[in-house]
Amino acid sequence: MSPVLHLRDARKVYPGTPPVESIRGITLTIHSGELTAIVGPSGSGKTTLLNLATGLDRPTSGSVRITGQPIEDLSDRRLAGLRAHRLGVVFQQFHLIAHLSALDNVATGLLYRGVPATTRRAAATDALARVGLAHRAHHKAQKLSGGEQQRVAIARALVGRPPVVFADEPTGNLDSVTGAGILALLRDLHADGTTIVVITHSDEVAQAAHRRITLRDGLVADDTGSPE
Ligand code: ADP
Ligand code: MG
């Protein structure tokens, strides 16, 4: 089991008066093949942790290694390349492009991989079907419901079949039936060998995970089921 993510005493301080210490010294390792849930109250630092873990943001101090690479050694461009090839990220706020269709939004998940447009569209069609949204492929993102937008964001993260998927509350906007479908999809991906880190408020999702990391006030308060 190789580490796909390693944080050592990672801290994140957002400047301001007073500054906000969002992550206050987190050390943890996530290994290949794990299905991990990150739980904790609102404001405990979960999204900040995801931003560091995916290289979208850099720690104020401490170190972050993604698939063995210390991100402090990588330029923003190299980091974006690493993310495009190795990671799928489902954002809490989706970050879809409003005027593009669902299909074109999903296809952007392959934009930085040098995949030809026809292949991108075929893969995007597939990924939309996996989240149960084939019938919405040609609707603009801005016309979709919150739950549908969330599923488009999930499809975009999965379209390149990345070895590691991070998802920030991926069932937060879904009714319980659709949420159960997304949980089943995450379990399938995990069974196929994908490493999954999911931030969640859902007991069902947290219970499906083998490991649960609880954040409180920017620190790891509990870590159960860790293979270490
Ligand atoms: P969670 O995802 O667990 O709800 P966050 O990681 O979003 O928590 O936020 C943790 C803390 O950091 C909160 O107090 C939040 O207000 C603060 N925070 C998050 N992002 C920023 C930012 N860009 N600028 C300033 N403060 C931030
Ligand atoms: Mg959050």
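Fair warning: this is a prediction, and the values are worked out from it, not measured in the lab. Note that ligands are numbered from 1 as they come in the structure, with each ligand's atoms numbered from 1 the same way.
- For the atom pair CG of Leu49 and CG of Leu5, the computed distance is 7.5 Å after rounding to the nearest 0.5 Å.
- A donor and an acceptor atom, one from each side chain of Gln69 and Thr67, are nowhere located under 3.5 Å apart.
- At the top of the distance list for atom 7 (O) of ligand 1, counting protein heavy atoms only, stands Thr47 CB, 3.7 Å.
- Considering backbone and side-chain N/O atoms, Gln92 never comes within less than 3.5 Å of an N/O atom of ligand 1.
- Atom 12 (O) of ligand 1 has Ser22 OG, 3.1 Å as its closest protein atom, hydrogens excluded (heavy atom only).
- Linking Ile, Leu, Val, Met, Phe, Trp and Tyr whenever their side-chain heavy atoms come within less than 4.5 Å leaves Val164 and Leu185 in two separate clusters.
- Counting atoms of ligand 1 from 1 in the listed order, those under 4.0 Å from a heavy atom of Ser42 are 4 (O).
- In terms of protein heavy-atom proximity, atom 17 (C) of ligand 1 is closest to Val20 CG1, 3.7 Å.
- Per-atom contact check: atom 15 (C) of ligand 1 does not touch the protein, criterion being a heavy-atom distance below 4.0 Å.
- Atom 27 (C) of ligand 1 has its closest protein heavy atom at Tyr14 CD1, 3.3 Å.
- Scanning the protein heavy atoms around atom 1 (P) of ligand 1, the nearest turns out to be Gly43 N, 3.5 Å.
- Between Asp223 and Arg211, at least one side-chain nitrogen of the basic residue sits less than 4.0 Å from a carboxylate oxygen of the acidic one, meeting the salt-bridge criterion.
- We find the CG-CZ distance between Leu96 and Arg156 to be 5.0 Å, quoted to the nearest 0.5 Å.
- No continuous path of hydrophobic side-chain contacts links Leu28 to Val198 [ILVMFWY only; heavy atoms under 4.5 Å].
- Under the 3.5 Å distance criterion, the side-chain polar atoms of Gln92 are left unmatched by any main-chain donor or acceptor of Asp168.
- Distance from atom 8 (O) of ligand 1 to its nearest protein heavy atom, with residue and atom name: Gly45 N, 3.2 Å.
- Numbered from 1 in the order shown, with element, the atoms of ligand 1 that lie under 4.0 Å from a heavy atom of Pro41 read 3 (O).
- Put simply, no part of Gly40 is less than 4.0 Å from ligand 1, judged by heavy atoms.
- Leu174 and Leu144 end up in the same hydrophobic cluster when Ile, Leu, Val, Met, Phe, Trp and Tyr side chains are linked at under 4.5 Å.
- In this structure, atom 3 (O) of ligand 1 is in close contact with the protein, since a protein heavy atom lies within 4.0 Å of it.
- What sits closest to atom 5 (P) of ligand 1 on the protein, heavy atoms only, is Thr48 OG1, 3.7 Å.
- Here Gln92 meets the criterion, with an N, O or S atom under 2.8 Å of the Mg ion (ligand 2).
- Without hydrogens or angle criteria, Thr60 side chain to Val13 main chain gives a donor-acceptor distance under 3.5 Å.
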